[in-house]
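This report concerns only the one structure given below.
Excluded from the calculations below are hydrogen atoms, water molecules and symmetry mates; all remaining heavy atoms, backbone and side chain alike, are included. Lettering of chains follows the sequences in order, A, B, ..., and the numbering in each one begins at 1.
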Amino acid sequence: MARHLITSAIPYINGIKHLGNLVGSQLPADLFARYMRARGHEVLFLCATDEHGTPAELAAAKADKPVADYCAEMHDVQAKIAEGFRLSFDHFGRSSSPQNKKLTQAFAGRLADMGLIREVTEEQVYSIADGRFLPDRYIEGTCPNCGFTSARGDQCDNCTKQLDPTDLIDAHSTISESTDLEVRETKHLYLCQSELKDDLAAWIDSKTDWPILTTSIAKKWLNDGDGLQDRGITRDLDWGVPVKRGDAEWPGMEGKVFYVWFDAPIEYIACAQEWEDAGKGTDWERWWRTDKGADDVTYTQFMGKDNVPFHTLSFPATIMGTQEPWKLVDYIKSFNYLNYDGGQFSTSRGRGVFMDQALELLPSDYWRWWLLSHAPESSDAEFTWETFQTDTNKDLADVLGNFVSRVTKFCRSKFSEDVPAGGAYGEAETQLIADLTTRIRAYETHMEATEVRKAAAELRAIWVLGNEYLQANAPWTTFKTDEETAAMQIRLALNLIRIYAVLSAPFIPDAAATMIAAMQTTDESWPTDVAAALETLPAGHAFTVPENLFRKITDDEREEWAARFAGTRD
RNA sequence: GGCGCGGUAGCUCAGUUGGUUAGAGCGAUCGACUCAUAAUCGAUAGGUCGGGAGUUCAAGUCUCCCCCACGCCA
């Protein structure tokens with residue numbers, strides 16, 4: 001038995017995520033966690049909401065709520081949706097937790113002790129009406145170059161000229177519209193990532209088994225231009241982890257908070273502490289400290305490609321810089337983007353399907369299956385309603401659902417709702433066992449390598465083997481002349497349903513649970529030995545005929561949904 | 001403009017270190033079966049592997065140039 005620490009990129013608190021976000025991190029992470037648990041490994045699967053930063057403050061202001069209340073509510077909303085998609089987090093934490101505050105401050109203090117933090121004095125625009133410093137993108141005005149009236153503080157979107165906020169004519173805050181702005185000096189802390197560049201490069205180079213997508217992005221950031229740049233890790237905001245040096249005040253940093261990208265990945269660690277504090281487990285350091293039992297842990301992270309630089313460089317720099325025995329990631333699985341019907345998903349334009357809407361249309365298994373079997377692993381992938389309809393109807397309803405239906409109903413009508421007795425294996429059964437064994441071993445290999453699409457294809461092929469067997473051996477014909485052999489064939493097929501449930505559970509947990517319940521068993525053991533697994537349900541064992549596992553998506557539904565989620569045009 | 005990931009059957013994608021007639025699923029056509037959600041199973045058709053040049057006994061696979069799509073950056 002091995003130990004697997006698994007984390008999904010933590011979704012930002014602001015708003016509900018779309019299907020592309022889901023398939024890029026949480027869903028494949030859940031697949032992997034469920035598989036590893038099914039194989040008997042010890043798993044700690046963590047995720048959380050990323051709650052700090054300006055967007056959360058603004059969203060709260062728009063909702064007319066204190067930011068802490070807003071985040072608490074949105075955390076509950078996201079937690080409920082995650083439950084709806086059957087994401088099996090051992091804990092769904094919050095980056096605003098007291099545990100993360102303390103740990104983030106401890107990391108910063110330690111990095112300062114190691115000489116890896118320096119102070120930088122900068123000039124920044126302060127809005128008197130808003131009572132705060134403004135990030136460049138929250139300042140707008142008229143471009144001095146082209147006269148465009150909605151140029152941003154960092155760049156004019158019309159003529160693409162690089163700007164300083166002070167260049168803008170009639171500069172104003174996009175928060176309050178106030179033009180009462182002034183430039184003030186402010187001090188910030190920088191993490192000296194550049195000093196860790198060689199260590200990071202050596203570490204990345206040692207990861208020869210990582211996906212090309214992951215290492216190519218990391219190396220680009222490491223080597224492009226002047227190489228890895230030091231990074232500001234503080235901001236002049238109210239909402240965030242107060243800047244402290246461990247437990248002590250940090251002179252000159254009063255009223256400042258850590259930048260969201262500094263504290264967010266530390267939440268991966270703090271989340272384990274939250275998990276223990278919530279009474280869900282014990283000894284969290286056993287997962288995170290190699291001096292306290294985590295040396296045998298395999299740590300796998302899942303994320304979209306936009307998160308790769310932070311997970312391959314910034315966060316490892318934070319950990320390495322402490323020279324403390326924190327667990328570093330062993331494998332980073334990154335994903336490309338899922339597009340929606342020829343374009344991008346867009347929150348602002350209401351384009352594409354969002355997680356809450358998806359669950360209103362269909363149960364989570366439909367989405368899990370389609371998204372995982374089309375996961376954007378090698379390149380961007382595309383969601384279309386046509387493929388969603390044909391693929392889920394074919395794979396789930398026709399191939400798997402109908403298999404369960406035809407086997408259980410045939411048995412009920414010709415024998416009874418007990419597993420029938422009699423008959424002996426022949427050549428066909430020996431061959432089936434051999435074929436199943438080959439395919440199940442291939443499935444395991446793909447799952448362990450987090451080759452999501454290949455695993456899905458293999459699972460589907462395993463389902464097809466059942467239909468092939470029935471078609472070739474036709475128990476409905478056999479039954480007319482040789483009831484005993486027909487009984488053996490259908491006993492095998494009933495056992496196949498249990499095996500399919502166990503194998504399929506990581507992809508479609510609800511349908512798998514229905515299948516297990518229908519077979520009236522509690523035995524969810526993995527079919528390591530296929531021949532033995534086919535005798536789990538003995539003759540005389542009672543079962544029930546379940547409702548159809550999956551219904552089909554109609555053409556009318558497809559058309560209606562395609563129209564409903566097309567979004568507004570520019 | 002620079003960089004990155006791609007461009008393989010109508011569609012979605014596999015193709016390891018270059019090596020026999022380029023694969024799978026869907027869709028299409030034909031056939032078989034009738035237990036089952038008008039489900040299933042089999043067979044067939046369909047590709048100058050983006051274009052060009054080169055290296056090699058041999059290139060989808062390596063090198064160079066170009067074209068296209070997407071993304072990131074400036």
Using a cutoff of under 3.5 Å, can you pull out all pairs of nitrogen or oxygen atoms linking the protein to nucleotides 24-26 of chain B, with atom names and distances?
{"unit_1": "rG25(B)", "atom_1": "O3'", "unit_2": "R460(A)", "atom_2": "NH2", "d": "2.9"}
{"unit_1": "rC26(B)", "atom_1": "OP1", "unit_2": "R460(A)", "atom_2": "NH2", "d": "3.4"}

Which atom pairs link the protein and nucleotides 14-17 of chain B when you take only N or O atoms and keep those under 3.5 Å?
{"unit_1": "rA14(B)", "atom_1": "OP1", "unit_2": "S378(A)", "atom_2": "OG", "d": "2.2"}
{"unit_1": "rG15(B)", "atom_1": "OP1", "unit_2": "K454(A)", "atom_2": "NZ", "d": "3.0"}

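The distance between atom CD of E382(A) and atom P of rG6(B), rounded to the nearest whole Å, is 18 Å. Going from atom CG of D306(A) over to atom C1' of rC73(B) covers 15 Å, rounded to whole Å. Residue M488(A) contributes atom CE, which lies 19 Å from atom P of rC35(B) at whole-angstrom precision. Whole-Å rounding puts the N467(A) CG to rA36(B) C1' distance at 9 Å. Between R551(A) atom CZ and rA38(B) atom P the separation is 15 Å, expressed in whole Å. Rounded to whole Å, the distance from CZ on F403(A) to P on rC41(B) is 11 Å. Distance N336(A) CG to rC70(B) P: 15 Å, rounded to the nearest Å. In this structure, CH2 of W385(A) is placed 19 Å from P of rG27(B), rounded to the nearest angstrom.
One distance of note links CZ of F85(A) with CZ of R368(A); it measures 9.5 Å at 0.5 Å rounding.
Between D391(A) and L396(A), every side-chain heavy-atom pair lies at or beyond the 4.5 Å cut-off.
In this structure, R439(A) does not pair ionically with D435(A), as no charged nitrogen and carboxylate oxygen lie closer than 4.0 Å. With salt bridges taken as basic N to acidic carboxylate O contacts below 4.0 Å, one links R39(A) and E444(A). By the 4.0 Å N-to-carboxylate-O rule, R498(A) lies close enough to D523(A) to be salt-bridged with it. Between R551(A) and E557(A) there is a salt bridge, since a side-chain N of the basic residue sits under 4.0 Å from a carboxylate O of the acidic one. Between K454(A) and E458(A) there is no salt bridge, since no side-chain nitrogen of the basic residue lies less than 4.0 Å from a carboxylate oxygen of the acidic one.
Residue N548(A) has its side chain nearest to rU37(B) when only rC41(B), rG71(B), rU37(B) are considered. Listed nucleotides rC11(B), rU37(B), rU40(B) differ in distance to K409(A); the shortest reach to its side chain belongs to rU37(B). Counting only heavy atoms from C-beta on, T477(A) has its side chain closest to rU34(B) among rU34(B), rG71(B), rU40(B). With distances taken from any side-chain atom of A381(A) to the nucleotides rC13(B), rU40(B), rU34(B), the minimum falls on rC13(B).
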Annotated structure of RNA chain B as dot-bracket, pair cut-off 3.5 Å, Watson-Crick or G-U only, | for inter-strand, is ((((.((..((((.....[...)))).(((((.......))))).....(((((..]....))))))).)))).
ask   = Between N336(A) and E377(A), is a side chain to side chain contact (heavy atoms under 4.5 Å, CB included) present by the stated rule, with each step listed?
value = CA-CA 6 Å; N336(A) 289 285; E377(A) 291 178 296; over 6 Å; no
- Verdict with supporting geometry, I233(A) and Y190(A), side chain to side chain contact (heavy atoms under 4.5 Å, CB included): CA-CA 6 Å; I233(A) 58 164; Y190(A) 272 64; over 6 Å; no
In sequence, state the C-alpha distance, the side-chain angles, and the governing distance for T298(A) and D330(A), and then conclude on side chain to side chain donor-acceptor pair (under 3.5 Å). CA-CA 6 Å; T298(A) 302; D330(A) 293 300; 4.9 Å; no
Please report the C-alpha distance between Y35(A) and E448(A) in whole Å, then the side-chain angles of each, then the deciding distance to 0.1 Å, and finally whether the side chain to side chain contact (heavy atoms under 4.5 Å, CB included) criterion is met. CA-CA 8 Å; Y35(A) 173 75; E448(A) 271 148 37; 2.9 Å; yes
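Comparing rG4(B) with rC62(B), their P atoms are spaced 15 Å from each other, to the whole Å.
Side-chain atoms of N402(A) stay outside donor-acceptor range of the base of rA39(B), with no qualifying N/O pair under 3.5 Å.
With W463(A) as the fixed residue, the ring pair (Phe, Tyr, Trp, His ring centres under 6.0 Å) test singles out one of F403(A), W369(A), F507(A): W369(A).
Judged by ring centres under 5.5 Å apart and planes tilted less than 30 degrees, W476(A) stacks against the six-membered base ring of rC35(B).
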